[in-house]
2 protein chains.
Amino acid sequence: MLRMNTLDQRIISQLLGNARASYAEIGKVVGLSAPAVKRRVDRLLDSGVLRGFTAVVDPQALGWGTEAFVELHCRGNVSPTRIRAHVESLPEVAAAYTVSGAADAIIHLRAADIHHLESALERLRALDIVESTVSTVVLSTLLERPPVPQ
Amino acid sequence: MLRMNTLDQRIISQLLGNARASYAEIGKVVGLSAPAVKRRVDRLLDSGVLRGFTAVVDPQALGWGTEAFVELHCRGNVSPTRIRAHVESLPEVAAAYTVSGAADAIIHLRAADIHHLESALERLRALDIVESTVSTVVLSTLLERPPVPQ
DNA sequence: GGTGAAAAGAGGGTTCT
DNA sequence: AGAACCCTCTTTTCACC
């Protein structure tokens, strides 16, 4: 595990805001030269604190505007690893979490439309670890923030 | 609304995989010159299909490893806009959705630890639109995929 | 959408503290 | 160790075709 300081956090903060910012731009904000920023970014990538860089797209625009949250109730005791192995076979799974409470997991589904969502749900319910599901369809996305603030 | 073709989708796909890829690299994959790629990316940014570029960080590594999903039940009829206005005042809100079913919204909370999460939940419940909440604490993240596949 | 040129940035080695 | 400086090579970003 890496020990990070304020400088690293501020660099990450800049990259969260704009992953295509140049090292010089970032350096100007955090008070470092461009090569110094690059070496820190490389180190953060190596250590796994930074996993990579991605584009933020409008799901609606790409035709993936229909979402749902599904509480997963499994048959008997199923390990998180097995749940993961099963749910990652569905491309519509945007995220999956094991949780406290009655449900075993919460699945975030993302699909093109209601029919696509229904099809994904059917395939999810057909997994042999699944006993029952409780779905909540998303009507609108009020807010979505990048993974980590500041 | 913008009409997009396969070329745009492939460019977006490349940027989803690596937002810091050079235009020349992207162009080599999709069969375009670097300036042509840049023109399309600029147009996608202008039109809002591409919202920007961000870093993918390990929340654990930055000390934001504790998450929860909260079903929000509001007093009477509250518009999505008002819900949004209220919940975005909490920095711990990672995402918020209006949903079908009994709850009015689902809030995705992200905090440093259980105590931080508890504090965020208290502030959420203190909002005057909120009648009651049902929280589900995330035990582990099994899977998290970028916003849009392919 | 491609081409070519000027400006900006990346990346590596060296020096300084 | 880590950051700044410098130099070369690549990339970006225009112009124009």
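Letters go in sequence order (proteins before strands), and every chain restarts at 1.
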>> Tell me whether Arg20(B) forms a cation-pi arrangement with Tyr23(A), defined as NZ or CZ under 6.0 Å from the six-membered ring centre and within 45 degrees of its axis.
In response: yes
> Salt bridge check: are Asp8(A) and Arg43(A) linked by an N-O gap of less than 4.0 Å?
Replying inline: yes
>> On a heavy-atom basis, which atom in His73(B) and which in Ala102(B) lie closest, and how many Å separate them?
In response: ND1-O, 3.7 Å
>> Whole angstroms only, please: what is the NZ-C1' distance between Lys28(B) and dT10(D)?
In response: 12 Å
> For Val41(B), which of Ile26(B), Ile11(B), Asp46(B) qualifies under side-chain contact (heavy atoms from CB on, under 4.5 Å)?
Replying inline: Ile11(B)
>> Between P on dG2(D) and CG on Leu32(A), what's the gap in Å once rounded to a whole number?
In response: 12 Å
>> For nucleotides 12-17 of chain D, give me one character per nucleotide, 5' to 3': B if any protein heavy atom sits under 4.0 Å from the base, S if the only such contacts are to the sugar-phosphate, - if neither.
In response: SBB---
>> Please identify which of these residues, Arg40(B), Arg39(B), Lys38(B), meets the side-chain hydrogen bond (donor to acceptor under 3.5 Å, both in side chains) condition with Asp42(B).
In response: Lys38(B)
> Whole-Å distance between dG2(C) C1' and Arg40(B) CZ?
Replying inline: 13 Å
